[in-house]
2 protein chains.
Amino acid sequence: MCSRALTIGALAEQTGCNVPTIRYYEEIGLLPPARRRPGGHRFYSEDDLRQLTFIRRCRDFGFSVEQVRTLVSLAQDPDRDCNETRDLAQAHLAEVRRKLIELRALESSLEAFVDNCTAACAGGPASQCTITQDLTGPRGSRCCG
Amino acid sequence: MCSRALTIGALAEQTGCNVPTIRYYEEIGLLPPARRRPGGHRFYSEDDLRQLTFIRRCRDFGFSVEQVRTLVSLAQDPDRDCNETRDLAQAHLAEVRRKLIELRALESSLEAFVDNCTAACAGGPASQCTITQDLTGPRGSRCCG
DNA sequence: CTTGAACCTCAAGTTACTTGAGGTCGCATC
DNA sequence: GATGCGACCTCAAGTAACTTGAGGTTCAAG
């Protein structure tokens, strides 16, 4: 036997979750109800540790809680097809790639803003700042053009 | 004079915001209270259009509503220093770069998962899927190792 | 036996909106 | 002048995924 029991604090530490987050996961049914000590404190096994590590990693990897719920049930049901898991991961990969494209565009816009402002208007009034003007749009203050 | 008045619907269309979002921005004070027709309907000017465009663009660029609030007040106060605007943009740029790094790491992990699963276990039970196993961690099901 | 950290529950707060219910306005048509 | 109907109105509640707070209990050490 090797079931060192973990407190919720120890579990939190080992998984990188916060304590209230673990209780929250239990509340929403992402984790099964924890076993309890006579006094009411939760305790956890190594299996629980593995399961929460899995969940935590999925969340780190950007899966939504609902997606994680699916992944967990997939991982626990030996009859389910592994293609489902892969499809989920693949859909998620596509989403990550879309975000990457957006973020890269955002990065160069911001970079240009900052450089431009430093070069052109450093220290002037904010209403004349090139960043503000770029964001206000090319129409400027013209009217009924 | 050139003040074509816009309905909230037209404003929404031209800025890319949803109608309830505009009302929400008014409610939280990001937009000033709109003027009203006798019947109670809101209407907007070209200036309002420019201001909401600014706000919308800031949001698209990932600034939080609170940051946008600051940017708006900077843009409207001719006495404020433009360096504040630049600093905000720069801080935001740094954050975008952090996210980019994370996302790139995430991308390659997911890519590896998917490729691995396709190559190694396509169609097998999900509990044996390489993705599931990778996410469960290197410890596998060993105990007290 | 006392102290203090860690635990407990329950409720409310957070961000940035979206959705829904139930009712009103304005404009075009008959 | 009635009628239809789409766009508008308000107010309340829902969403994701937690976090924070209040107020009280348990456990382990000294």
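Letters go in sequence order (proteins before strands), and every chain restarts at 1. We use all heavy atoms of the structure for the numbers below, so side chains are in, but hydrogens, waters and symmetry mates are not.
Using a 4.0 Å cut-off, some side-chain N or O of B/Thr7 falls inside it from OP1 or OP2 of D/dC8. Distances shorter than 4.0 Å separate some side-chain N or O of A/Arg36 from OP1 or OP2 on C/dT9. At least one side-chain nitrogen or oxygen of A/Arg42 sits closer than 4.0 Å to the OP1 or OP2 atom of C/dT9.
Put simply, the side chain of B/Thr21 never gets that close to the backbone of B/Cys17: no donor and acceptor are under 3.5 Å apart. At least one donor-acceptor pair under 3.5 Å links the side chain of A/Gln67 to the backbone N or O of A/Ser64.
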Can you check nucleotides 26-30 of chain D for protein contacts, nitrogen or oxygen pairs under 3.5 Å, and list what you find?
| unit_1 | atom_1 | unit_2 | atom_2 | d |
| --- | --- | --- | --- | --- |
| D/dC27 | OP1 | A/Gly39 | N | 3.3 |

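Summarising the geometry of A/Leu31 relative to A/Leu52, their closest heavy-atom pair is CD1-CD1, 4.1 Å, with the distance given to 0.1 Å. A/Arg42 and A/Ala34 get closest at one heavy-atom pair: CG-CB, 3.7 Å.
Between the CG atom of B/Leu11 and the P atom of D/dC8 there is a distance of 10 Å, given to the nearest Å. Separating the CZ atom of B/Phe43 from the P atom of C/dC27 is a distance of 13 Å, rounded to the nearest angstrom. Nucleotide D/dA17 holds its C1' atom 14 Å from the CG atom of A/Leu31, rounded to whole Å. Per the geometry, CG belonging to A/Leu30 stands 13 Å off C1' belonging to D/dC18, to the nearest Å.
Salt bridge A/Arg57/A/Asp60: absent, no basic N to carboxylate O contact under 4.0 Å. At a threshold of 4.0 Å, the pair A/Arg97-A/Glu102 does not count as salt-bridged, since none of the basic side-chain nitrogens sits closer than that to a carboxylate oxygen.
A heavy-atom distance below 4.0 Å to DNA chain C is reached by none of the residues of residues 63-74 of chain A. In the region residues 14-27 of chain B, proximity to DNA chain C at under 4.0 angstrom, judged on heavy atoms, holds for B/Asn18, B/Pro20, B/Thr21, B/Tyr24, B/Tyr25.
In this structure, B/Ile8 reaches the sugar-phosphate backbone alone: every heavy-atom distance under 4.0 Å involves primed, P, OP1 or OP2 atoms, never a base.
A side-chain donor from one of A/Ser45 and A/Asp48 sits under 3.5 Å from a side-chain acceptor of the other.
Shown here are the ring-ring contact (aromatic ring centres under 6.0 Å, His included) partners of A/Tyr44, two or more places apart in sequence or in another chain: there are none.
Annotation: the span from A/Leu110 atom CG to B/Glu95 atom CD amounts to 10.5 Å, rounded to 0.5 Å.
Among pairs with a residue in residues 74-96 of chain B, those fulfilling ring pair (Phe, Tyr, Trp, His ring centres under 6.0 Å) read B/Phe63-B/His92, at least two apart in sequence or across chains. The salt bridge (charged side-chain N to carboxylate O under 4.0 Å, His left out) analysis of residues 11-20 of chain B, with sequence neighbours excluded, yields no pairs.
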